[in-house]
Amino acid sequence: MDTGLLILRLLVGLLVAGHGVQKVSSHLGGRGLEGGTEEFRADGFRGGALTALAAGGGQIGSGLLLVVGFLTPLAATGVIGVMTVALTVKWRHGLWVQNDGYEYPLVLVATAAALAATGPGAWSLDAVLGLASYPLWWAALALAAGLGSGLLTRLVLHRTAAPAIAER
């Protein structure tokens with residue numbers, strides 16, 4: 001079980017962190033902070049570079065916390081939050097990724113929630129520090145806080161379409 005949790009943490013954590021790096025730099029195929037800012041504006045978000053920095057920083061931080069298995073419920077909360085925002089962006093395209101749907105963000109949300117529920121396993125900083133056994137309510141809290149923060153981010157930062165001006 002510990003080997004499986006380690007593989008899962010490494011895969012998901014590195015992918016989420018890498019996605020964050022792409023938002024704020026030209027590494028890993030990213031288009032730099034300018035490209036990350038453009039991406040958010042194209043998806044209807046306000047906030048410019050600050051939004052891209054916050055999203056990229058959240059992805060890098062929560063992804064790396066998952067990789068090392070440190071403060072796993074907090075790491076899961078971060079992943080759930082940023083992936084909930086991604087899910088809301090892709091919602092209109094339906095489930096399947098080949099149609100630019102929300103399939104992949106949903107898998108990451110569920111994986112992060114599962115890691116919060118199971119804990120990081122024996123090969124983690126949490127285990128070294130004696131924190132590897134979180135009560136199950138931490139998973140529920142991580143899921144609620146992650147979903148809530150993602151939906152609140154969408155609500156606060158997403159521009160609504162301007163009302164049409166009636167012709168006189």
Side-chain angles (χ1 to χ4, degrees), residues 1-33 35-37 39-40 43 45 47 49-90 97 102-157:
M1 186 161 114
D2 292 320
T3 303
L5 290 171
L6 175 64
I7 292 168
L8 193 59
R9 281 193 357 255
L10 289 174
L11 177 66
V12 171
L14 288 172
L15 286 174
V16 170
H19 196 68
V21 167
Q22 290 178 324
K23 285 202 177 8
V24 298
S25 76
S26 58
H27 298 296
L28 304 177
R31 297 182 305 140
L33 185 55
T37 301
E39 178 187 342
F40 277 100
D43 287 335
F45 287 88
L50 186 58
T51 301
L53 278 171
Q59 289 171 323
I60 293 167
S62 59
L64 292 179
L65 285 173
L66 273 185
V67 166
V68 297
F70 183 56
L71 302 176
T72 302
L74 178 64
T77 300
V79 171
I80 292 167
V82 295
M83 289 299 114
T84 296
V85 174
L87 194 149
T88 67
V89 169
K90 297 182 173 298
V97 74
Y102 60 90
E103 172 186 1
Y104 183 61
L106 179 62
V107 167
L108 292 176
V109 166
T111 303
L115 285 168
T118 61
W123 297 333
S124 66
L125 280 181
D126 280 350
V128 169
L129 298 171
L131 302 172
S133 182
Y134 291 97
L136 191 55
W137 62 266
W138 273 102
L141 182 63
L143 184 60
L147 291 173
S149 67
L151 293 173
L152 183 61
T153 298
R154 172 68 184 226
L155 181 68
V156 170
L157 292 181

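The basis for the numbers below is simple: all heavy atoms, side chains too, and nothing from hydrogens, waters or symmetry mates.
A distance of 5.0 Å separates CG in Leu157 from OG1 in Thr51, rounded to the nearest 0.5 Å. A distance of 7.0 Å separates CG in Asp43 from NZ in Lys90, rounded to the nearest 0.5 Å. Once rounded to the nearest 0.5 Å, the distance linking CG of Leu147 with OG1 of Thr77 reads 9.5 Å. From Ile7, atom CD1 reaches atom OG1 of Thr3 across 6.5 Å, with rounding to the nearest 0.5 Å. Once rounded to the nearest 0.5 Å, the distance linking CG of Leu131 with CG of Leu71 reads 7.0 Å. Here the straight-line distance linking atom CE of Met1 with atom CG of Leu6 works out to 12.5 Å at 0.5 Å rounding.
Remark: Phe70 pairs with no residue by the ring pair (Phe, Tyr, Trp, His ring centres under 6.0 Å) rule, at least two apart or across chains.
Closest of all the heavy-atom pairs between Val85 and Gly150 is CG2-O, 3.4 Å. Across Ala113 and Ala139, no two heavy atoms sit closer than the pair O-CB, 4.4 Å. Nearest heavy-atom pair across Ala142 and Ala76 is CB-CB, 4.5 Å. The shortest non-hydrogen separation linking Gln59 to Gly20 is OE1-CA, 3.2 Å. Residues Ala75 and Leu65 share a closest heavy-atom pair of CB-CB, 3.5 Å. Minimum interatomic distance between Arg9 and Val67 (heavy atoms only, all atoms of both residues): NH2-O, 3.1 Å.
The backbone N or O of Gly146 sits less than 3.5 Å from a side-chain atom of Ser149, completing a donor-acceptor pair. With hydrogens and angles disregarded, no donor-acceptor distance shorter than 3.5 Å links the side chain of Gln22 to the backbone of Gly29.
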- Query: Would Ile60 and Val24 count as a side-chain contact (heavy atoms from CB on, under 4.5 Å) if you check the C-alpha gap in whole Å, the side-chain angles of each, and the deciding distance to 0.1 Å?
  - Reply: CA-CA 10 Å; Ile60 293 167; Val24 298; 4.1 Å; yes
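Between Met83 and the options Thr88, Leu106, Val109, Val107, a side-chain contact (heavy atoms from CB on, under 4.5 Å) holds for only Val109.
Every pair passing side chain to side chain donor-acceptor pair (under 3.5 Å) that includes a residue from residues 111-131 is listed here, sequence neighbours excluded: Thr72-Asp126, Asp126-Tyr134.
Looking at Ser62 and Val16, their side chains come closer than 4.5 Å, going by heavy atoms from C-beta outward.
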